[in-house]
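Inspection log for the structure reproduced underneath, given as structure tokens.
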Amino acid sequence: MPSSVNHSRFGVRLRSVNFMESSPVVAQRLIGALLLVNGVGGVIVETEAYDELEPASHGFSGQTPRNAVLFGPPGRAYVPLSYGLHWSLNIVCREAGHAAGVLIRALEPTVGIPRMRRRRRHTELSMLCAGPGRLAQALGITGALNGRRVDAAPFRIVSAAEPPKIVRGVRIGISKAKERRWRFGLSGSAFHSQPFR
DNA sequence: CGAACGATTAGCT
DNA sequence: GCTAATCGTTCGA
């Protein structure tokens, strides 16, 4: 695991993430952080930012029962189903009143790897948490966690002790606002869902 | 009220 | 590279 991540509960300086910032800022602050759900997870290596003011966001067309969590308090998990099949984990953030969120797209698996392998039917390590659907499956994330605070159980987020080197690119799998470079990655990671260029 | 379409993935060619 | 799987939401008639 990268030395920039403090996995010790006796660490000297554990920064927490402020979710009252714009989603692109929060998306970058989450890179290199340790994310656990029920004690299982790893280092966040890929995120994307979304904001209700741009058409790629689930919040763009206004509040619905599905996306209601995005319009609620920051620091909550927004867990929608995509393609009728896959859950995904977002963290709600809010700056200037915008309904916004950060999609967690990939982890470097570090804690509870056997558990994740069982949930994912023994996929190879580099594919365990590479992509929002795979990550949700590996960590056992479903709609049951929608709206839950991410600073309390079953979540645990420990941010990187030092700012990591971050790469940036366009978001994946969207048809609108394609040119916006709101995808962020941990530089040099072998655990991205797709390469950065 | 029916049709189209996703912030995707696995499996096959 | 192509496509099926699968369902809530959105959009047009």
Side-chain angles (χ1 to χ4, degrees), chain A residues 19 22-31 35 37 42 44-72 74-95 98-109 116-148 150 166-186 190-197:
Chain A
F19 296 108
S22 70
S23 54
V25 168
V26 175
Q28 291 173 80
R29 298 282 305 207
L30 286 170
I31 295 295
L35 166 67
V37 178
I44 298 174
V45 298
E46 183 181 336
T47 59
E48 283 178 359
Y50 290 89
D51 187 293
E52 65 169 324
L53 298 186
E54 47 91 16
S57 169
H58 284 180
F60 181 68
S61 301
Q63 185 172 342
T64 67
R66 181 199 196 207
N67 66 20
V69 171
L70 273 181
F71 292 80
R76 307 289 177 122
Y78 166 52
V79 186
L81 190 63
S82 34
Y83 296 90
L85 292 164
H86 308 288
W87 298 104
S88 62
L89 174 64
N90 300 253
I91 301 179
V92 176
C93 45
R94 175 149 305 94
E95 184 244 4
H98 298 193
V102 173
L103 173 64
I104 313 297
R105 285 194 57 93
L107 303 183
E108 174 178 347
M116 292 191 273
R117 279 195 200 283
R118 282 195 296 278
R119 288 179 175 141
R120 292 261 312 133
R121 302 177 186 245
H122 307 89
T123 319
E124 62 168 303
L125 192 64
S126 68
M127 287 282 112
L128 257 195
C129 302
R134 294 174 180 140
L135 182 159
Q137 188 180 30
L139 271 55
I141 293 168
T142 70
L145 294 180
N146 194 36
R148 302 279 291 273
V150 298
I166 292 176
V167 291
R168 171 174 200 151
V170 296
R171 295 174 292 181
I172 308 291
I174 55 171
S175 60
K176 299 165 194 162
K178 282 182 174 168
E179 66 299 329
R180 205 172 283 237
R181 291 165 63 83
W182 276 9
R183 176 178 180 234
F184 303 95
L186 181 63
F191 296 89
H192 295 148
S193 65
Q194 291 188 39
F196 284 80
R197 55 148 299 170

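These values consider heavy atoms only, across backbone and side chains, with no hydrogens, waters or symmetry-generated copies.
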[X] near the nucleic acid: base, sugar-phosphate alone, or nothing, with a heavy-atom cut-off under 4.0 Å?
X         : value
Arg171(A) : nothing
Ile174(A) : sugar-phosphate
Asn67(A)  : nothing
Arg120(A) : sugar-phosphate
Thr64(A)  : sugar-phosphate

Measure from the side-chain heavy atoms of [X] and tell me the nearest of [options].
X         : options                 : answer
Arg66(A)  : dT8(B), dT9(C), dC11(C) : dT9(C)
Arg134(A) : dA7(B), dT10(C), dT9(B) : dT9(B)
Ser175(A) : dT8(B), dG6(B), dA10(B) : dG6(B)

Which atom of [X] lies closest to which atom of [Y], heavy atoms considered:
X         : Y         : value
Trp182(A) : Arg168(A) : CD1-NH2, 4.1 Å
Phe71(A)  : Gly59(A)  : CZ-O, 3.6 Å
Glu179(A) : Val170(A) : O-CG1, 4.0 Å
Val102(A) : Cys93(A)  : CG2-SG, 4.0 Å

Examine [N]: is either OP1 or OP2 under 4.0 Å from a nitrogen or oxygen in the side chain of [X]? Give yes or no.
X         : N       : answer
His86(A)  : dT9(B)  : no
Arg183(A) : dA7(B)  : no
Arg121(A) : dA10(B) : no

Going by atom types alone, do Gln137(A) and Arg120(A) pair a side-chain donor with an acceptor below 3.5 Å?
yes
Does a donor on one side chain sit under 3.5 Å from an acceptor on the other, for His58(A) and Asn67(A)?
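Note: His58(A) and Asn67(A) side chains miss the donor-acceptor criterion.
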Between [X] ([atom1]) and [N] ([atom2]), how many Å, whole number?
X         : N      : atom1 : atom2 : value
Trp87(A)  : dG8(C) : CH2   : C1'   : 10 Å
Leu89(A)  : dT8(B) : CG    : C1'   : 15 Å
Lys176(A) : dA4(B) : NZ    : C1'   : 12 Å
Lys178(A) : dG6(B) : NZ    : P     : 9 Å
Leu85(A)  : dA7(B) : CG    : C1'   : 14 Å

Give the dot-bracket string for DNA chain C, reading 5' to 3', where a pair is Watson-Crick or G-U wobble with both distances under 3.5 Å, ( ) marks pairs inside the strand, [ ] marks pairs crossing earlier ones, | marks a partner on another strand, and . marks unpaired.
|||||.||||||.
Return the stacking result for dA5(C) and Tyr83(A): yes when the ring centres lie under 5.5 Å apart and the planes under 30°, no otherwise.
no
Under the 6.0 Å and 45° cation-pi test, does Arg171(A) pair with Tyr50(A)?
yes
Is any side-chain heavy atom of Thr47(A) closer than 4.5 Å to a side-chain heavy atom of Leu103(A)?
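With C-beta onward as the side chain, the pair stays apart.
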For the C1' atoms, the ones on dA7(B) and on dG1(C), what distance do you get once it is rounded to whole angstrom?
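After rounding to an integer number of Å, I get 22 Å for this pair.
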